[in-house]
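Only this structure's heavy atoms are used, side chains among them; waters, hydrogens and symmetry mates stay out. Proteins get letters first, then strands, A, B, ... in listed order; numbering begins at 1 in each.
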There are 2 protein chains.
Amino acid sequence: MTTAAPTSSSRELPHPTREEIRLEPVLHALSDPMRLQVVRELAADGDELSCSHFDLPVTKSTTTHHFRVLRESGVIRQVYRGTAKMNGLRRDDLDDLFPGLVDSVLTAAARQAVRLGGS
Amino acid sequence: MTTAAPTSSSRELPHPTREEIRLEPVLHALSDPMRLQVVRELAADGDELSCSHFDLPVTKSTTTHHFRVLRESGVIRQVYRGTAKMNGLRRDDLDDLFPGLVDSVLTAAARQAVRLGGS
DNA sequence: CGACTCGTACGATAGGCATCGTAGTACGGG
DNA sequence: CCCGTACTACGATGCCTATCGTACGAGTCG
């Protein structure tokens, strides 16, 4: 029994604090094409996107896994909102810890997309 | 010692061309602490460091493996010079493909080292 | 030549991870 | 209250990878 959990929004998800975020896991999280795509969409569309908004070519289980990797590495923040789970890029934290990193990765990804899709 | 003899030997190593370098493998290569450390030293000390110069806490076999990952992802260039294999960061190629990326990663790594090591 | 150094190749191993499928939980609406 | 939707948990699987040890090739120097 949950002892007096007040909460409708008691479904809280564990996030690393800003100080706990490490560069290597962040780079690893971004090195997966699927996750990099998610991050690009989050950066472009603002930070209130549900998991189901993303139409990834994998099953829901796998999608859950990727979002967890992103969250646990500190790249995104996830909050339940009813049945949906909203995702947002932790730009403030990342920019503070690693100035310019997110921008350069996003720019690099965009340039590469143009370069590869370019015809 | 160093005779005026031609530097190159017959032992050539396969490198991706600039156009073949992809962002995801580069990020993956940099996401390993060992390899990130190597890249930091290469960036700091110039680009003529032999593999044996690095005193990594792993065996030689593993060191060879890490250098190969870095080379095949396009992060470093390797050239034989006698028995030694000289390593150099491919800054020109990387900066052209992904402007600012290497710098921000190096800065982030340095900041994190200060933040964690404190001393 | 012979010995030594530097790095490679190959096999083995253990752990990680991306993926799936199925069963289950939380929430909101009829 | 029941059902549908959104996401999770768990187990399984196969691949990738970081690591090692040993045996080997390439080059230098006595």
Distance-only donor-acceptor hits, side chain of residues 22-29 of chain A, under 3.5 Å, sequence neighbours excluded:
unit_1: Arg22(A); atom_1: NH1; unit_2: Glu19(A); atom_2: O; d: 2.9
unit_1: Arg22(A); atom_1: NH1; unit_2: Glu20(A); atom_2: O; d: 3.2
unit_1: Glu24(A); atom_1: OE1; unit_2: Gln112(B); atom_2: NE2; d: 3.1

Both Pro57(A) and Thr83(A) contact DNA chain C. Taking the nearest nucleotide for each, which residue is further toward the 5' end? Pro57(A)

Could you give the NZ-to-P distance, from Lys60(B) to dT5(C), as a whole number of Å? 9 Å

Whole-Å distance, Tyr80(B) OH to dT5(C) C1', equals 14 Å

Return the value, rounded to whole Å, for the distance between atom CZ of Phe67(B) and atom P of dT19(D). 13 Å

Within this structure, what is the CG-to-C1' distance between Leu56(B) and dG7(C), rounded to whole angstrom? 14 Å

Side chain of Ser61(B) - closest among dT22(D), dC7(D), dT5(D): dT22(D)

When you measure from the side chain of Ser50(B), which nucleotide among dC20(C), dA6(D), dG7(C) comes out closest? dG7(C)

Using whole Å, what does the distance between atom P of nucleotide dA26(C) and atom CD of Gln78(A) come to? 18 Å

Looking only at side-chain N and O atoms, does Thr59(A) come under 4.0 Å of OP1 or OP2 in dC20(C)? yes

Got a sec, which residues hit salt bridge (Lys or Arg N to Asp or Glu O under 4.0 Å) with Asp45(A), two or more places apart in sequence or on another chain? none

In whole angstrom, what separates Asn87(A)'s CG from dC7(D)'s P? 8 Å

Please list all pairs passing the ring-ring contact (aromatic ring centres under 6.0 Å, His included) test where one or both residues lie in residues 39-70 of chain A, with sequence neighbours left out. Phe54(A)-Phe67(A)

Taking only the side-chain nitrogens and oxygens of Arg81(B), find out if one of them lies under 4.0 Å from OP1 or OP2 of dC6(C). no

Leu36(A) CG - dA18(C) P separation (whole Å): 14 Å

So salt bridge (Lys or Arg N to Asp or Glu O under 4.0 Å) across residues 64-83 of chain A, not counting sequence neighbours, yields Glu48(A)-Arg81(A), Arg77(A)-Asp93(A)

To the nearest angstrom, how far is Glu24(B) atom CD from dC17(C) atom P? 18 Å

Sidechain-backbone polar pair: Arg111(B) side chain, Leu97(A) backbone, donor-acceptor under 3.5 Å: yes

Below 3.5 Å between N/O atoms, which protein atoms pair up with nucleotides 14-18 of chain D? Just atom names and distances, please.
unit_1: dA18(D); atom_1: OP1; unit_2: Arg35(B); atom_2: NH2; d: 3.4
unit_1: dA18(D); atom_1: OP2; unit_2: Arg35(B); atom_2: NH1; d: 3.0
unit_1: dA18(D); atom_1: OP2; unit_2: His65(B); atom_2: NE2; d: 2.6

Listed partners of Asp96(A) passing side chain to side chain contact (heavy atoms under 4.5 Å, CB included), at least two apart: Arg18(A)

Is there a side-chain polar atom (N or O) of Ser52(B) under 4.0 Å from OP1 or OP2 of dT5(C)? no

From Leu89(A) CG over to Leu42(A) CG, what is the distance, rounded to the nearest 0.5 angstrom? 6.0 Å

